[in-house]
Amino acid sequence: MAADGTVAADGFAPRLLRWFDASGRHDLPWQHPRSPYRVWVSEIMLQQTQVRVVVPYFERWMQALPTLRDLAAAEPDAVIALWAGLGYYARARNLHKAAQLCMERHGGELPRDIEALAALPGIGRSTAGAILAQAHGLRHAILDGNVKRTLARFHGVRGWPGTRAVELELWRLAEGHLPQARMADYTQAIMDFGATLCTRQNPACVLCPLQDDCVARREGLVAELPTPKPGKALPQRGTLMLVVLDGAGRLLLRRRPPSGVWAGMWSLPEAEDADAAHALLARHAEVDFDAVETLPTIEHGFSHYRLRITPLLWRNARPLEQRIAEDADARWAAADARAAIGFPAPVRRLLDGLDRTA
DNA sequence: AAGCCGGGGCC
DNA sequence: GGCCCAGGCTT
């Protein structure tokens, strides 16, 4: 690294770009065309989600909402339905909100100013940099998981990147490597490099264009870097999910609370115990509570806790239509209507299993 | 700094 | 079964 703190002279970016030209990914759907809106949606989908998973969601999204204006005008439930299965649903709500803010404040386009861009909901420093670099070729760094891993190894940076000091060091290094040209390709290159060559496990060091100058390679630390997050045991929680069908096969649904897990999404009614289940059921239908059928429990893991779902099934319930009419957060949905609703993944699995056995 | 927020891939 | 991932927001 040069005395002024820059590291461009070491050939990091040129070697990465040569590798990208030969071995990078050039056929991802958001690269053709590489418009600001498409890059933005792809970057949000790719937060904590791998390329292979994102591609079909991205294609479906662009079919339904091809422009920022279309997104801004869409119904919230339609946006969630396009997202259902991807997880982190705040990303979808933030996309929607940000599109509307762009219509109001930025003439219907994403701002080119990084401060204004990062001020939009769901767009932080790294995602703002990725959008500006890829959509406009502007000289901004990114620091996602791939870049953190690559830089931690190349420079031998120790310590978990979740700590402030390590993260600041990695940002400094990332900015020091930026090339003067080809910013869009460079940004795609360093992400591809981390995703396909400098992988977390079994990185292809023998093929690496940076191996001669890689500190981790030289010091035998490749498997130790980046330093993993200190571990902790996940708490276990449980819930009852009520599967209530009326004589016509319609299913009782309730909207989730506006905050917390699966916020605002349609799901099955939930209760903590049998008494609460009974009370909840009585508010929506006449049904023989003792005629309950048990379904297999479903285990669902979150990043911060584990959830054991116990489904309870009643058939031939008689809906209390008056109560439903008064309750905007409850509905009886027929099978064909259910298909178009975006359910949380374990609920979708449960309902699909129900349809197969019913 | 730590917790919250999903889901899936992978060993 | 545990860990991690093309992060950002809230407290």
Side-chain angles (χ1 to χ4, degrees), chain A residues 24-25 28-31 39-58 80 83-95 97-98 117-131 133-134 141-150 159-168 170-171 174 187-196 198-202 223 226-237 256-265 267 298-307 309 342-349:
Chain A
R25 291 178 286 200
L28 297 171
W30 41 90
Q31 296 173 315
V39 168
W40 172 39
V41 173
S42 76
E43 285 299 323
I44 302 301
M45 286 186 170
L46 287 163
Q47 289 171 3
Q48 305 297 295
T49 309
Q50 295 176 0
V51 168
R52 234 174 315 176
V53 178
V54 162
V55 166
Y57 283 88
F58 181 85
I80 288 294
W83 200 271
L86 270 181
Y88 281 118
Y89 297 94
R91 294 186 293 171
R93 292 192 298 274
N94 286 335
L95 265 173
K97 178 65 179 172
L117 192 54
L120 292 170
I123 301 180
R125 179 176 174 184
S126 184
T127 299
I131 293 169
Q134 294 185 84
I142 64 169
L143 192 63
D144 59 26
N146 289 318
V147 180
K148 286 176 181 172
R149 183 171 55 252
T150 298
W160 178 48
T163 64
R164 187 68 184 151
V166 175
E167 189 179 355
L168 285 175
L170 293 173
W171 270 113
T187 301
Q188 185 65 52
I190 195 166
M191 289 191 287
D192 276 5
F193 183 80
T196 66
C198 195
T199 54
R200 186 167 63 89
Q201 297 172 47
N202 302 117
T227 305
K229 174 181 179 167
K232 217 177 277 186
L234 295 184
Q236 174 86 41
R237 302 183 192 175
R256 300 271 310 173
S259 64
V261 172
W262 304 325
M265 296 174 73
S267 183
I298 294 177
E299 294 286 347
H300 188 70
F302 294 94
S303 54
H304 49 308
Y305 66 90
R306 296 184 51 75
L307 182 65
I309 298 169
F343 293 109
V347 176
R348 171 52 69 192
R349 276 206 309 278

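Quick note on labels: first sequence line is chain A, next is B, and so on, each numbered from 1. Please read these numbers as outputs of a predicted model, since none were measured by experiment.
- Using a 4.0 Å heavy-atom cutoff across all strands shown, A:Ala90 reaches no nucleic acid atom at all.
- With hydrogens and angles ignored, a donor-acceptor pair closer than 3.5 Å exists between the side chain of A:Thr49 and the base of B:dG6.
- Residue A:Arg149 is in sugar-phosphate contact alone, with no base atom involved, counting any heavy-atom pair closer than 4.0 Å across all strands shown.
- Using a 4.5 Å cut-off on side-chain heavy atoms (C-beta onward), A:Glu299 and A:Leu307 make no contact.
- Rounding to whole angstrom units, CD of residue A:Glu299 and C1' of B:dG8 are separated by 17 Å.
- Rounded to whole Å, the separation between the P atoms of B:dG6 and C:dT11 comes to 16 Å.
- Note on A:Thr163: every side-chain N or O is 4.0 Å or more away from OP1 and OP2 of B:dA1.
- When rounded to the nearest whole Å, the span between CD1 of A:Ile44 and P of C:dG8 equals 7 Å.
- One finds no side-chain N or O of A:His300 lying less than 4.0 angstrom from the OP1 or OP2 phosphate oxygen of B:dG6.
- A:Ile123 has its CD1 atom 9 Å from the P atom of C:dC9, to the nearest Å.
- Nucleotides of DNA chain C nearest to A:Gly122 and A:Ser42 differ in position, and the one nearer the 5' end is that of A:Ser42.
- Nucleic acid contact class of A:Asp192 (heavy atoms, under 4.0 Å, all strands): base.
- Rounded to whole angstrom, the span from the CG atom of A:Leu95 across to the C1' atom of C:dG7 amounts to 13 Å.
- Note on A:Trp262: a side-chain N or O is less than 4.0 Å away from OP1 or OP2 of B:dG7.
- Among the protein residues, A:Val51 comes within range of the nucleic acid bases, having at least one heavy atom under 4.0 Å from a base atom.
- If you check every strand for non-hydrogen atoms under 4.0 Å, A:Trp30 touches a base.
- Among the protein residues, A:Gln134 comes within range of no part of the nucleic acid, since none of its heavy atoms lies under 4.0 Å from any strand.
- For the pair A:Tyr89 and B:dG7, the criterion of a side-chain N or O lying under 4.0 Å from OP1 or OP2 is met.
- A 4.5 Å side-chain heavy-atom check between A:Glu167 and A:Pro161 finds every atom pair outside the cut-off.
- Remark: side-chain polar atoms of A:Thr199 are not paired, donor with acceptor, to backbone N or O of A:Thr196 under 3.5 angstrom.
- Between A:Arg306 and C:dG2, a side-chain N or O to OP1/OP2 separation shorter than 4.0 Å is absent.
- You'll find the side chain of A:Trp262 reaches within 4.5 Å of the side chain of A:Pro346, heavy atoms only.
- Side-chain N/O atoms of A:Gln48 include one lying less than 4.0 angstrom from OP1 or OP2 on C:dG7.
- Rounded to whole angstrom, the span from the CD atom of A:Gln47 across to the C1' atom of B:dC5 amounts to 12 Å.
- Remark: side-chain polar atoms of A:Gln31 are paired, donor with acceptor, to backbone N or O of A:Arg25 under 3.5 angstrom.
- Here, B:dG9 and C:dG8 have their P atoms 23 Å apart, quoted to the whole Å.
- As judged by a 4.0 angstrom heavy-atom cut-off over every strand, A:Gly85 is placed among residues touching the sugar-phosphate backbone only.
- Listed pair A:Arg91 / B:dC4 fails the phosphate criterion, with no side-chain N or O lying under 4.0 Å from OP1 or OP2.
- Side-chain proximity of A:Thr127 to the nucleotides B:dG8, C:dC5, C:dG8 is greatest for C:dG8.
- Side-chain N or O atoms of A:Arg91 include one that pairs as donor or acceptor with a backbone N or O of A:Gln47 at under 3.5 Å.
- Counting any heavy atom pair closer than 4.0 Å across all strands shown, A:Leu28 reaches a base atom.
- Residue A:Gly260 is in sugar-phosphate contact alone, with no base atom involved, counting any heavy-atom pair closer than 4.0 Å across all strands shown.
- Closest-nucleotide positions on DNA chain C for A:Gln50 and A:Pro121 were compared, and the one nearer the 5' end corresponds to A:Gln50.
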